[in-house]
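First the structure, then my questions, so here it is.
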Amino acid sequence: MCGRYALALRPSQIRQQFQDYNIPVDDAPEDEGDDAPRQSYNFAPGYHGMVYRVDVGDRGSAHREVATTATTSDRKELEERSQDQEADVSSDGLTNSAIQEPSSFGEDKETSSNSRPQYKLQSMKWGLIPFWTKRNPDYAAVLKTINCRDDSLAQPGGMWNTMKKGKRCIVVVEGFYEWLKKGPKEKVPHYVKRKDGKLMLLAGLWDCVTYEDNGQRLYTYTIITTSSNEQLRFLHDRMPVVLEPGSEEMKAWLDPKRHEWSAELQTILKPYRGELEVYPVSKDVGKVGNNSPTFVIPVASKENKLNIANFFQQKGAAGKVKPEATVKKEGGDEEKKTVEELQKTTDDGGMDTSGKGIKREAESPSPSEAPPTKKAVTGSVSPVKARLKISATKNPVRSPAKGKGKGDGSQKITKFFGNSA
DNA sequence: CCAGACGTTGTT
DNA sequence: GTCTGG
DNA sequence: CCAGACGTTGTT
DNA sequence: GTCTGG
């Protein structure tokens, strides 16, 4: 599946890639700033990553987003959906109205920028938290939503029900890691990326939650998994759903008009058919917090420390490293220390590629909120088991008559992406 | 009616 | 939020 | 996802 | 083993 990946590019670089693929980007985070995603060769759950999705814009003015072919029922549903917490955060008041600069991206040979949806890159936190969640959930609970199985979307109801209809997205990665189990103890990390070198665009879902005690919006996402393709079967039985940049499938996946789950959408969630590159990498990627461009470099076999040492020597940062220190020995302790030294040296020396990958998340939503961690308790009381749970609103509302029926809304839309199906 | 789950992977 | 179980 | 911690009493 | 942190 997908529990760790690489995303070292800056937002502006990602945006450029999208434009190279002829994929429109109407908005994106700044390279520096609070809403910038983390850049890391060792990107882990809980980090803020890069998500691409339709930008619904503010509520109430949904009309302007409706394509000319839209029916009145489409219009109605658009407005219904717009109450789902989806006000634009990126708008500091200026946004709305006329800011649609159609200039920046690819060929806007058409003046169609008024009739197509707006798309944006956005920083969100990995590990989906549904909008109805009341309090900051348990860490373990969040871990269980870093992925979403394709077959669980095929079933009606469930946790994903609202998101699969209206909050589909693309998760942008350069490649992902998978640990091959060679024994009960030994795991060898492998890196998986596209052979053609393009960004890997993963099918995902997103949501936005506001906890009771804190008015902040928190955007989160999950990555959809499916069966592995033939190429990855030796590694693992699951893999993320990889979409072709600019393809009709990608367009359909993001299409806001498709506001019901359908066989077509389900069909998109299939094992990747294209060519991948798969190879073992440094075991150091296993330790979260380590971050090095060497993590995406192939490693000869089990002895990967040597490659790392070579890399650092290239950078001129590891002059003091003795060659023999990198040789694998029985004393695991000693060699670990050596690697730490290596990496520490690099951090100080400033490796341009890692850049702000060292940046830490500023997670505290508000200074007033107590940390969710366990508190020290006096006396002989056993450790607190204050399990923070996701609790739903228990709300005495009668179930509204479901606005059911109606067509699939599979209207034809004006073209945006370069077609490459 | 209310209370509680709602999720994934991997290992057994 | 929606659905299930009691 | 993996790696790493997992504890107490008493004194300052 | 279970839980936390990244």
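All chains are named by letter (A, B, ...) in the order of the sequence lines, taking the proteins before the strands, and each is independently numbered beginning at 1. Side chains are part of it too, since the values below use all heavy atoms of this structure and drop only hydrogens, waters and symmetry mates.
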Rounded P spacing from D:dT8 to E:dG1 in Å: 23 Å

Under a 3.5 Å limit for both distances, which nucleotide forms a Watson-Crick or G-U wobble pair with D:dC6, could you say? E:dG1

Hey, does the side chain of A:Lys187 come within less than 4.0 Å of D:dA3's phosphate (OP1/OP2), counting only N and O? yes

Testing the 3.5 Å rule here: is there a donor-acceptor pair between the side chains of A:Arg4 and A:Asn42? yes

Salt bridge (charged side-chain N to carboxylate O under 4.0 Å, His left out) partners for A:Asp237, two or more places apart: none

Expressed as a whole number of angstroms, how long is the span from A:Asp151:CG to B:dG7:P? 11 Å

Does a donor on one side chain sit under 3.5 Å from an acceptor on the other, for A:Arg238 and A:Thr225? yes

Could you give the distance separating D:dC6 and B:dC6 at their C1' atoms, to the nearest angstrom? 30 Å

Decide, applying a 5.5 Å centre-distance limit and a 30° plane-angle limit (both strict), whether A:Trp160 stacks on B:dC6. no

In whole angstroms, the gap separating C1' of B:dT11 from NZ of A:Lys181 amounts to 9 Å

Between A:Tyr191 and A:Phe295, is the ring centre distance below 6.0 Å? no

For A:Thr225 and B:dT9, is the shortest distance between a side-chain N/O and OP1 or OP2 below 4.0 Å? yes

Would you kindly give the CH2-to-P distance between A:Trp132 and B:dC6, to the nearest whole Å? 10 Å

May I ask you to say what A:Cys2 touches in the nucleic acid, namely base, sugar-phosphate or nothing, with a heavy-atom cut-off under 4.0 Å? nothing

Please report the distance, rounded to the nearest Å, between NZ in A:Lys185 and C1' in D:dG4. 13 Å

Cation-pi between A:Arg38 and A:Tyr47: NZ/CZ under 6.0 Å from ring centre and within 45° of the ring axis? yes

Please work out if A:Gly157 contacts a base, only the sugar-phosphate, or nothing of the nucleic acid, heavy-atom cut-off 4.0 Å. nothing

Determine the sole option in A:Phe176, A:Tyr219, A:Tyr5 for which the ring-ring contact (aromatic ring centres under 6.0 Å, His included) test with A:Trp126 is passed. A:Tyr5

Can you check nucleotides 4-6 of chain C for protein contacts, nitrogen or oxygen pairs under 3.5 Å, and list what you find?
none

Carboxylate-amine/guanidinium contact A:Arg258 A:Glu264, below 4.0 Å: yes

Interatomic distance, A:Lys134 NZ vs B:dA5 C1' [rounded to whole Å]: 16 Å

Looking only at B:dC6, B:dT8, D:dC2, the nucleotide nearest the A:Val288 side chain is D:dC2

side-chain hydrogen bond (donor to acceptor under 3.5 Å, both in side chains) between A:Gln39 and A:Arg10, worked out: CA-CA 7 Å; A:Gln39 301 159 226; A:Arg10 306 161 65 182; 5.1 Å; no

Here the distance between atom P of B:dT11 and atom CG of A:Asp237, to the nearest Å, is 10 Å

Side-chain N or O of A:Ser152 closer than 4.0 Å to phosphate OP1/OP2 of B:dT8: yes

Among side-chain atoms of A:Asp20 and A:Gln16, is any donor-acceptor pair under 3.5 angstrom? yes

Where the side chain of A:Arg149 is concerned, which of B:dT11, D:dC1, B:dT9 is the nearest nucleotide? B:dT9

In whole angstrom, what separates A:Asn290's CG from D:dG4's C1'? 13 Å

So what does A:Leu143 touch, heavy atoms closer than 4.0 Å: a base, only the sugar-phosphate, or nothing? base

In whole angstroms, the gap separating P of C:dG1 from CE of A:Met163 amounts to 13 Å

Side-chain N,O (A:Lys287) to OP1/OP2 (D:dG4) below 4.0 Å: yes

Between B:dG7 and D:dG7, how far apart are the P atoms? Round to whole Å, please. 32 Å

What distance, rounded to whole Å, do you find between the two P atoms, one in C:dT2 and one in B:dT9? 26 Å

Hey, does the side chain of A:Arg238 come within less than 4.0 Å of B:dT9's phosphate (OP1/OP2), counting only N and O? yes

